[in-house]
Amino acid sequence: MKKVTILGIIYLLILPLKAEELSSCKWNNSDGAPCITIFSAPNTSKISEGSLGKTIITKKQLVESGYEDVRSVLENEIGVDIYSDGPRGQKSSVFMRGTNSNHTLVLLNGIPINDQSSPKAMFDFGYDFLQGLQQIEIYKGASGAIFGPAAIGGAINFVTDIDYVNSLSIGGSNSRNNSISGNYTYVSKGGWHHNIKGGSSQSEYSSTQNSKLDLDGTKNLSLNYNSSKFLKDDLKIGITGYARKTDTGYDSWDDENAQADNILYAVQASLEKRKDNTIDKFTSHMHVHDRYYDTAVKNKYYSKSYTFKGERKLELSENLSLGFGSDYNYTQGDFKVHGNWGSSAEGHMDNIGFFSNAGYKFNNDTILSAHLRGDSHKYSKENLTYRLNATKYLSNFTFSLSESTGLRHPDLFVLHGSNPSGSYKAMKTTKPETSLTRELSIKYDFSNFVSLVSTVYDSSVSDVLNRSTSTGGYNEIIDIEQKGFENSISLGNESKKLSLTSALTKSRESSGRPQLRRPEQQYGIRYNQMLNSKLIGPFSLKYDYRHIGQVEDWKEGTYRAKVDSSDIMNLSFAKDIANTKWSLNVTNLTNEIYERPDTYNQDDRRISLSFMSKY
């Protein structure tokens, strides 16, 4: 089956194709022309930003993927592993390049939004859908270090911005599994650009576990508002509001009809000035995580965070760029989990950071860049982190060598948490987890249509906070190490493209024992092309396949053992008819029955029809 699939795709590659792509958004887009958002990463300048290895998933790619939620998009990115407590809409954790689930920093327009009400201060990827997002950026490994604390494994940035293409989308397969989303932008006479996008999605296919044959459904509402106005030719104000509410049913050990309600809302305001090769930006931000899990008892989680950030980017010459800035974050939170196995925490913490960067170009073929950051945390005190990179262009080769350090501050549960029995106690003076990552990436362009990228990395994390009852709390007794080799070969262009990916990784504790839920072998195929049929005319085809090898996990929740691999294929067709794009999407094409993690059912085959109309 696999050989037939691969041969079929390679055959399709020879067929012709045409496509159009929007241009990048200009600084002063006063007429509201359709364009593609270009996000400028914080703690970078013009030259140093070019050294970052990042994956950008544009709005066009999100729409054409046929997916509805963030989890489904990330599942097909090499080096990003997702484990979910059931099908779409359930609690989900990301393990980036073998690090822990709380070693991935999640941002909204460059501002951290990890959930401090979670006992591990990680972000739950199962509850975010795509209706309110404009772009997703993935910074793996050393590239994530520029964003500050908690980006030990990398960072994922959700970008919300004005979408100048008004549209309405409706899709689904039946009354229990459907979605609707829309986008509308209006430019007022006073020069304000107003944009609102959002939608709803519901899914009810299967049970999260086999303990009861019920349907554990999900309902999501997402909303995003963006506005901007030029106060002067060189000064722009921006306002963003983002909110989502996801309700899910799931199977708890004490209640097979448990319900969860997960709310996130955020507000941002920014001032940006561009003049004489200088960019100044100030951003204020507030977000809230508000969650409850209603099982035999109701468990409540709540956190609120405020961030203020200012930075300057300077282009001193064609060969030299600099940047510097500072940010301040204050977070408070509390959660209460009832029962003898429950736990609770209530408290706050703050952190002030100072950062700078420089990029220098030698003879147009060599670039050196450096990023430095200092943090002063209420409990873990002062710490320095850095990222160094050298990039060399040699004929058709690009060599990029990086070294970075990272840290993760103790979370609110470590600082203030406890449980009824007293076996877990607060540790208010613990030091942070720290990391060291070295990475070499080589790109070779065989031609304008064929390229190969290989990346090898070696990283370690020290003083990992490990939960244990032996000394009454969290203990800094585990170090972990990650090694990996990732490859990606691309054939064709945006109109006709085949991508082959593979990853070999190892994640080990200092004792040599494998980390749980870290697959060591993965490979994938992604293919897209425009075809022309005599019967229906031109239409597009997209296919992706991902193999995830065997992995060690808690078998049946009681003992460590290897669990089965999985081979998931997705297929979609799309056709434009009278300014409307119709799509037929098939996920889990072969209807593979699999669990990830063990005992948690994942989505079976789904067939849905959707249309997107632009106006």
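No experiment lies behind these values; they were computed from the predicted model shown.
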For this session: Could you verify whether a donor N or O on one side chain and an acceptor N or O on the other, from Y301 and N262, lie under 3.5 Å apart?
Result: no
Exercise. Hey, are D553 and R517 close enough for a salt bridge, meaning a charged N less than 4.0 Å from a carboxylate O?
Worked result: yes
For this session: Apply side chain to side chain donor-acceptor pair (under 3.5 Å) to the pair N76 and Y67, showing each step before the final yes or no.
Result: CA-CA 11 Å; N76 288 284; Y67 301 130; 3.0 Å; yes
Exercise. Is it true that a side-chain atom of D603 and a backbone atom of P87 form a donor plus acceptor pair closer than 3.5 Å?
Worked result: no
Problem set entry | Side-chain H-bond candidate by donor/acceptor type, N329 with T331, under 3.5 Å | yes
Exercise. If you measure only the distance, is there a donor-acceptor pair under 3.5 Å linking the side chains of Q550 and S565?
Worked result: no
Exercise. Is there a donor-acceptor contact under 3.5 Å from the side chain of D69 to the main chain of G126?
Worked result: no
Exercise. Side chain of K140, backbone of I78: donor and acceptor closer than 3.5 Å?
Worked result: yes
Problem set entry | Side chain S228, main chain G238, donor-acceptor under 3.5 Å | no
For this session: With side chain to side chain contact (heavy atoms under 4.5 Å, CB included) as the test, would you mind laying out the steps for E481 and S510 before giving the verdict?
Result: CA-CA 7 Å; E481 297 181 354; S510 55; over 6 Å; no
Exercise. Which is it for S376 and N351 under the side chain to side chain donor-acceptor pair (under 3.5 Å) test, yes or no, and what are the steps along the way?
Worked result: CA-CA 6 Å; S376 179; N351 181 80; over 6 Å; no
For this session: May I ask you to decide if Y184's main-chain N or O and N195's side chain share a donor-acceptor pair within less than 3.5 Å?
Result: yes
Exercise. Using the benzene-type ring in the case of Trp, are the ring centres of Y302 and F335 under 6.0 Å apart?
Worked result: no
Exercise. Between D128 (side chain) and F125 (backbone), is there a donor-acceptor pair under 3.5 Å?
Worked result: no
Problem set entry | Between CZ on residue F95 and CE on residue M122, distance to nearest 0.5 Å | 7.5 Å
For this session: Tell me yes or no: between the side chains of Y139 and E137, is some donor less than 3.5 Å from an acceptor?
Result: yes
Problem set entry | Distance-only donor-acceptor check, side chains H409 and S380, under 3.5 Å | yes
Exercise. Do S117 and D334 get their side chains close enough for a donor-acceptor pair, meaning under 3.5 Å?
Worked result: no
Exercise. Is there a donor in the side chain of R71 and an acceptor in the side chain of S84, or the other way round, less than 3.5 Å apart?
Worked result: yes
For this session: Give the ring-plane orientation class for H194 versus Y225, where under 30° counts as parallel, over 60° as perpendicular and anything between as tilted.
Result: parallel
Exercise. Would you say T505's side chain and P519's backbone share a donor-acceptor pair under 3.5 angstrom?
Worked result: yes
Exercise. What pair of heavy atoms forms the shortest contact from Q134 to D161, and how long is it?
Worked result: CB-N, 3.8 Å
Exercise. With a 3.5 Å cut-off and no angle check, do the side chains of S203 and R606 form a donor-acceptor pair?
Worked result: yes
Exercise. Without hydrogens or angle criteria, can the side chains of T240 and N226 be said to hold a donor-acceptor pair below 3.5 Å?
Worked result: yes
Problem set entry | Presence of salt bridge, K219 and D247, under 4.0 angstrom | no
Exercise. How long is the gap from CZ on R291 to CG on D115, to the nearest 0.5 Å?
Worked result: 4.5 Å
Exercise. Is D81 salt-bridged to R518, going by a charged N under 4.0 Å from an acidic O?
Worked result: no
Exercise. Is the distance between the ring centroids of Y328 and Y330 less than 6.0 Å?
Worked result: no
Problem set entry | Any side-chain donor near an acceptor of the partner, N177 and N174, under 3.5 Å | yes
Problem set entry | Ion pair check, K197 and D163, cut-off under 4.0 Å | no
Exercise. So, R97 and S459: side-chain donor and acceptor under 3.5 Å apart, yes or no?
Worked result: no
Exercise. Quick one: which of R513, R508, R560 gives a salt bridge (Lys or Arg N to Asp or Glu O under 4.0 Å) with E552?
Worked result: R560
Exercise. So, D463 and R408, do they make that salt bridge, N to O below 4.0 Å?
Worked result: no
Exercise. Do S200 and N220 get their side chains close enough for a donor-acceptor pair, meaning under 3.5 Å?
Worked result: no
Problem set entry | Under-4.0 Å salt bridge between K378 and D350 | no
Problem set entry | Whether Y379 and H416 hold their rings parallel, tilted or perpendicular, with breakpoints at 30° and 60° | perpendicular
Exercise. Does a side chain donor of either H377 or E382 reach within less than 3.5 Å of an acceptor in the other side chain?
Worked result: no
For this session: Determine, for D290 against K300, whether the closest basic-nitrogen to carboxylate-oxygen distance falls under 4.0 angstrom.
Result: yes
Exercise. Between E68 and R88, is the closest basic N to carboxylate O distance under 4.0 Å?
Worked result: yes
Problem set entry | Polar side chain donor-acceptor pair, Q268 to N109, under 3.5 angstrom | yes
